[in-house]
Amino acid sequence: MSSKKVVILISGSGSNLQAFIDKQNRGELGGQVTTVISNKADAYGLVRAQNAGIEAIALEHTDFGSREAFDLALAEKIETLNPDLIILAGFMRILTSQFVERFKGKLLNIHPSLLPKYPGLHTHRRALENKDEFHGTSVHFVTEELDGGPIIAQSRLSLNSASNEQTVMQDVQRLEHQLYPEVASWFLNGRLVMEKEGVNFDGQKLRSPIIYGEDQS
Ligand code: NHR
Ligand code: GAR
């Protein structure tokens, strides 16, 4: 029996990584996280990986002279691992188009906004400043366009007058921990394919993102 292999890229706390480890330990992931790679050596997610008996690698972008050189080293490392799926989980380095091209269709990211709203950084602050009624998180295939690849699924919450950046971040992360490993399990079970024009789910073109979970209103 050969299990599907998953590599997870992180930069920080790794709470989404932990949600993958937990799902794997429940026998629900449909694959095995073989390796965690961080571009920051002090990322707590590397400790989470070690605690779970998963290979943990620090590959610091500051050790490389250019974005291209870092991405090349990262790509060569990943290629030796031969993963079926590569998960960006709070990975904070923009990837070059050469990198993305090499692993096209196998790269997922979770982004803390209801894309196409708020690509880039400081998403919670921007949603609050704009007094949005809804906010949330999106899982998408990674393309060379930053946070612009085909959206697979989203979880939403309502913002209200008591919401602040801290509470919203916590609430969004709670949703992410449910959503992201679930979407990964769909991919690992062969239900999800990136196509030229978007996402194919269970043999059909996805016409709009899957809305996953309860609205936290
Ligand atoms: N790479 C590509 N090609 N496409 C995407 O969609 C990507 C990507 C790399 C990362 C995650 C993304 C997010 O979910 C992601 C999606 C980092 C930045 C950023 O500005 C922006 C978006 C995302 C990740 N990074 C700065 C940089 O110069 C560094 C910021 C820092 O270190 O704090 O790379 O939000
Ligand atoms: C997550 O909320 C994720 O959506 C966000 O960072 C957090 C990582 O938390 N990602 C980005 O902002 C990517 N630019 P974690 O390290 O605890 O999983």
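Values in this document were obtained by computation on a predicted structure and should not be read as measured data. For ligands, and for the atoms within them, numbers begin at 1 and follow the listed sequence.
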Participant: With hydrophobic residues grouped by side-chain heavy-atom distances under 4.5 Å, do Ile86 and Ile57 end up in a single group?
Facilitator: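 Yes, one cluster joins them.
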
Participant: At less than 4.0 angstrom from any non-hydrogen atom of Gly90, what atoms of ligand 2 do you find?
Facilitator: 6 (O), 8 (C), 10 (N)

Participant: Which residue and non-hydrogen atom of the protein lie closest to atom 35 (O) of ligand 1, and at what distance in Å?
Facilitator: His111 ND1, 2.9 Å

Participant: What do you reckon, does Gly149 put a non-hydrogen atom under 4.0 Å from ligand 1?
Facilitator: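 Judged by the 4.0 Å heavy-atom criterion, Gly149 does not count as contacting ligand 1.
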
Participant: Ligand 1 versus Asp147, non-hydrogen atoms closer than 4.0 Å: side chain, backbone, both, neither?
Facilitator: both

Participant: Looking only at side chains, do His135 and His124 share a donor and an acceptor under 3.5 Å apart?
Facilitator: yes

Participant: Under 4.0 Å, heavy-atom basis, I'd like to know which part of Ile110 is in contact with ligand 1: side chain, backbone, both or neither.
Facilitator: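 Under 4.0 Å from ligand 1, Ile110 contributes backbone atoms alone.
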
Participant: If you measure from each non-hydrogen atom of Arg67 to ligand 1, which part falls under 4.0 Å: side chain, backbone, both or neither?
Facilitator: side chain

Participant: How close does the nearest protein non-hydrogen atom get to atom 10 (C) of ligand 1, and which residue and atom is it?
Facilitator: Arg93 O, 3.5 Å

Participant: What I want to check is whether the side chains of Tyr118 and Asp147 have a donor and an acceptor closer together than 3.5 Å.
Facilitator: no

Participant: So if you build clusters from Ile, Leu, Val, Met, Phe, Trp, Tyr with side-chain heavy-atom gaps below 4.5 Å, do Val142 and Ile210 land together?
Facilitator: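 No.
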
Participant: Find the distance between CZ (Phe70) and OG1 (Thr96) and round it off to the nearest 0.5 Å.
Facilitator: 10.0 Å

Participant: Going by heavy-atom distance to atom 21 (C) of ligand 1, choose the closest among Leu121, Thr123, Thr137.
Facilitator: Leu121

Participant: I need the contact type for Phe91 against ligand 1. Using non-hydrogen atoms and a strict under-4.0 Å cut-off, is it side chain, backbone, both or neither?
Facilitator: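 Only the backbone of Phe91 comes within reach of ligand 1.
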
Participant: May I ask you to identify the nearest protein heavy atom to atom 11 (C) of ligand 1, giving residue, atom name and distance to one decimal place in Å?
Facilitator: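 For atom 11 (C) of ligand 1, the nearest protein heavy atom comes out as Asn109 ND2, 3.3 Å.
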
Participant: Is there a donor-acceptor contact under 3.5 Å linking the side chains of Asn200 and Gln204?
Facilitator: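 No.
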
Participant: Look only at interatomic distance and state if Lys40 has a nitrogen or oxygen under 3.5 Å from any nitrogen or oxygen of ligand 1.
Facilitator: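 There is no such contact.
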
Participant: If you measure from atom 20 (O) of ligand 1 to every heavy atom of Val100, Leu9, Ile94, which option wins on shortest distance?
Facilitator: Ile94

Participant: What protein heavy atom lies closest to atom 7 (C) of ligand 1? Include the residue and the distance to one decimal.
Facilitator: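 Nearest neighbour among protein heavy atoms for atom 7 (C) of ligand 1, to 0.1 Å: Leu146 CD1, 3.6 Å.
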
Participant: For ligand 1, does Val142 get within less than 4.0 Å through its side chain, its backbone, both, or neither, judged by non-hydrogen atoms?
Facilitator: side chain

Participant: Looking at atom 29 (C) of ligand 1, what's its closest protein heavy atom, distance included?
Facilitator: Met92 O, 3.3 Å

Participant: Return the closest protein heavy atom for atom 3 (N) of ligand 1 as residue, atom name and distance.
Facilitator: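 It is Leu95 O, 2.9 Å.
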
Participant: Does the pair Glu165/Arg126 count as a salt bridge with the N-to-O cut at 4.0 Å?
Facilitator: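 Salt bridge absent between Glu165 and Arg126.
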
Participant: As a quick check of understanding, evaluate side chain to side chain contact (heavy atoms under 4.5 Å, CB included) for Val139 and Leu179, giving each step before the final call.
Facilitator: CA-CA 8 Å; Val139 176; Leu179 175 69; 3.7 Å; yes

Participant: Can you see whether Tyr180 engages Asn109 through a side-chain donor-acceptor pair at a distance of less than 3.5 angstrom?
Facilitator: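 No pair is found: no donor N or O on one side chain lies under 3.5 Å from an acceptor on the other.
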
Participant: What protein heavy atom sits nearest atom 2 (C) of ligand 1, and how far away is it?
Facilitator: Thr143 O, 3.5 Å

Participant: For atom 9 (O) of ligand 2, tell me which residue out of His122, Gln173, Gln170 has the closest non-hydrogen atom.
Facilitator: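 Ranked by closest heavy atom to atom 9 (O) of ligand 2, first place is Gln173.
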
Participant: Check whether any N or O atom of Ser13, backbone or side chain, sits under 3.5 Å from an N or O atom of ligand 2, and answer yes or no.
Facilitator: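 N/O-N/O distance under 3.5 Å: yes.
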
Participant: Can you confirm, on distance only, whether ligand 1 has an N/O atom lying under 3.5 Å from any N/O atom belonging to Pro112?
Facilitator: no

Participant: Are any of the N/O atoms in Gly14 less than 3.5 Å from those in ligand 2?
Facilitator: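 Yes; the residue has a nitrogen or oxygen that sits under 3.5 Å from a nitrogen or oxygen of the ligand.
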
Participant: Which option out of Met92, Glu176, Gln18, Arg48 puts a heavy atom nearest to atom 1 (C) of ligand 2?
Facilitator: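 When every heavy atom of Met92, Glu176, Gln18, Arg48 is considered, Glu176 comes closest to atom 1 (C) of ligand 2.
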
Participant: Determine, using heavy atoms of Thr137 and all atoms of ligand 2, whether some pair is separated by less than 4.0 Å.
Facilitator: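 No; Thr137 lies far enough from ligand 2 that no heavy-atom distance drops under 4.0 Å.
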
Participant: Please classify the Met169 to ligand 2 contact at 4.0 Å (heavy-atom distances, strictly less than): side chain, backbone, both or neither.
Facilitator: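 Neither; nothing of Met169 gets under 4.0 Å from ligand 2.
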
